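In what follows, chains are A, B, ... by sequence order, proteins preceding strands, each numbered from 1. Note: hydrogens, waters and symmetry copies are ignored here, and every other heavy atom, side chains too, is used. Predicted model only: the values in this text are computed from it and were never measured.
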Amino acid sequence: MAKRARNKAYVVWVGRRPGVYHSWAECELQVKGFDGARFKGFPDATEAARALEEGPAAYWGAGERPRRPAAPRAPDERPTKGLCVDAACNGAGGDVEYRGVLLPGAAQVFHAGPFPRGTNNIGEFLALVHGLAYLRQRGETLPVYSDSRVAIGWVTRKQSRSGWIADGSAGAELQALVRRAETWLQGHDHGIEIRKWETADWGEIPADFGRK
RNA sequence: ACAU
DNA sequence: CCATGT
Ligand SMILES: [Mg+2]
Ligand SMILES: [Mg+2]
């Protein structure tokens with residue numbers, strides 16, 4: 001996997017001991033639980049050092065993000081019929097749960113978890129497969145919506161590509177559920193339409209857990 | 001970069 | 001700010 005351009009240096013303007021740090025772990029010690037802390041990551045130590053001189057004012061936030069999400073761009077086109085699925089994960093390696101919600105109305109029709117030691121993508125994948133099985137069992141012809149490109153991709157190829165599954169670091173229960181989901185996909189021609197939920201246009205998917 |  | 005993925 002092409003690694004993301006990750007921050008390598010962190011400037012702490014306000015914290016236990018202001019300065020430049022070379023790992024998030026070090027930075028976090030200076031900043032976590034420190035009221036009014038101001039800090040930011042940079043690609044390298046040179047940029048971080050310059051930022052330390054300039055002060056935090058040049059770099060907007062103080063750990064605060066916009067309180068409200070951006071407004072949907074096309075709420076008029078928001079789907080009114082279908083099964084929406086979503087997952088929640090308490091950090092990579094944290095607890096995973098997922099659910100499905102039926103439109104119109106957004107009534108919850110299934111929910112599973114929390115299961116220990118998973119990832120966002122494992123949850124999104126299980127949610128989507130559960131949605132397909134749910135619709136198939138009832139002979140429903142509705143589309144399923146997911147906001148996860150990763151999950152849609154895995155389901156389309158009927159196999160997950162989770163690093164946490166591949167190397168066995170996911171919880172045993174999740175490991176088994178993913179395996180079962182893959183087997184189910186490979187054995188059923190569900191014929192259900194899978195659609196991407198366009199969050200930027202329509203707002204959060206109705207199945208969202210609202211924890212962000 | 002994009003989606004979470 | 002972190003992490004999981006294409
Ligand atoms: Mg989601
Ligand atoms: Mg969500």
**Student:** Would you indicate, yes or no, if C/dC2 has its OP1 or OP2 atom less than 4.0 angstrom from a side-chain nitrogen or oxygen of A/Y10?
**Tutor:**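 Yes, because at least one side-chain N or O of A/Y10 sits under 4.0 Å from OP1 or OP2 of C/dC2.
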**Student:** Would you say A/S162 and A/V178 make side-chain contact, with heavy atoms under 4.5 Å?
**Tutor:**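 Heavy-atom side-chain distance check fails, nothing below 4.5 Å.
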**Student:** Just how far, in rounded Å, is P of B/U4 from CH2 of A/W164?
**Tutor:** 22 Å
**Student:** For A/W154 and C/dG5, is the shortest distance between a side-chain N/O and OP1 or OP2 below 4.0 Å?
**Tutor:** no
**Student:** Would you mind telling me which of C/dG5, B/U4, C/dC1 lies closest to the side-chain atoms of A/T199?
**Tutor:** B/U4
**Student:** What's the closest nucleotide to the A/K40 side chain, out of C/dC1, C/dG5, B/U4?
**Tutor:**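 When the side chain of A/K40 is considered, C/dC1 is the closest of C/dC1, C/dG5, B/U4.
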**Student:** Base, sugar-phosphate or nothing for A/G163? Non-hydrogen atoms, less than 4.0 Å.
**Tutor:**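 Answer is sugar-phosphate: A/G163 comes under 4.0 Å of backbone atoms only.
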**Student:** For the side chain of A/S162, starting at C-beta, report the closest nucleotide among C/dC1, C/dG5, C/dT4.
**Tutor:** C/dG5
**Student:** Of the nucleotides C/dC1, C/dG5, B/U4, which one has an atom closest to the side chain of A/I122?
**Tutor:**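 The listed nucleotide nearest to A/I122's side chain is C/dG5.
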**Student:** Have A/N121 and A/T119 got a donor and an acceptor in their side chains that come within less than 3.5 Å?
**Tutor:**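 No - no donor-acceptor pair under 3.5 Å links their side chains.
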**Student:** Checking contacts here: which listed nucleotide (C/dG5, C/dC2, C/dA3) is nearest the side-chain heavy atoms of A/N7?
**Tutor:**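 Ranking C/dG5, C/dC2, C/dA3 by closest atom to the A/N7 side chain puts C/dC2 first.
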**Student:** Does a side-chain N or O of A/T119 approach OP1 or OP2 of C/dA3 to a distance below 4.0 Å, or not?
**Tutor:**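 So the side chain of A/T119 is outside the cut-off, no N or O lying under 4.0 Å from OP1 or OP2 of C/dA3.
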**Student:** Any idea how A/Y98 and A/F110 line up, ring-wise: parallel (<30°), tilted (30 to 60°), or perpendicular (>60°)?
**Tutor:**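 Correct class here is perpendicular.
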**Student:** Using a distance-only test with no angle check, is there a side-chain donor-acceptor pair under 3.5 angstrom linking A/Y59 and A/E54?
**Tutor:**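 Side-chain D/A pair, A/Y59 to A/E54: present.
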**Student:** Tell me whether the OP1 or OP2 atom of B/U4 has a side-chain N or O from A/K196 closer than 4.0 Å.
**Tutor:**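 For B/U4, OP1 or OP2 has a side-chain N or O of A/K196 closer than 4.0 Å.
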**Student:** Side chain of A/S148: nearest nucleotide among B/U4, C/dC2, C/dG5?
**Tutor:** B/U4
**Student:** Rounding to a whole Å, what distance do you find between A/N121:CG and C/dC2:C1'?
**Tutor:**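 Distance check: A/N121 CG to C/dC2 C1' gives 15 Å.
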**Student:** Measure OH/A/Y21 against P/C/dC2 and give the value in whole Å, please.
**Tutor:** 16 Å
**Student:** To the nearest angstrom, how far is A/E124 atom CD from B/U4 atom P?
**Tutor:** 8 Å
**Student:** Take atom CD of A/Q159 and atom P of C/dG5, then tell me their distance rounded to the nearest Å.
**Tutor:**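 Atom CD in A/Q159 sits about 13 Å away from atom P in C/dG5.
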**Student:** Check every strand shown and say whether A/G91 touches a base, only sugar-phosphate, or nothing at a heavy-atom separation below 4.0 Å.
**Tutor:**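 No contact.
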**Student:** To the nearest angstrom, how far is A/I205 atom CD1 from B/A3 atom P?
**Tutor:** 14 Å
**Student:** Whole angstroms only, please: what is the CG-C1' distance between A/D86 and C/dT4?
**Tutor:** 14 Å
**Student:** Quickly work out the A/L174 CG to C/dT4 C1' distance and round it to whole Å.
**Tutor:** 14 Å
**Student:** Check the orientation of A/F39 and A/W24. Use parallel for under 30°, tilted for 30 to 60°, and perpendicular for over 60°.
**Tutor:**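 Aromatic pair A/F39/A/W24 classed tilted.
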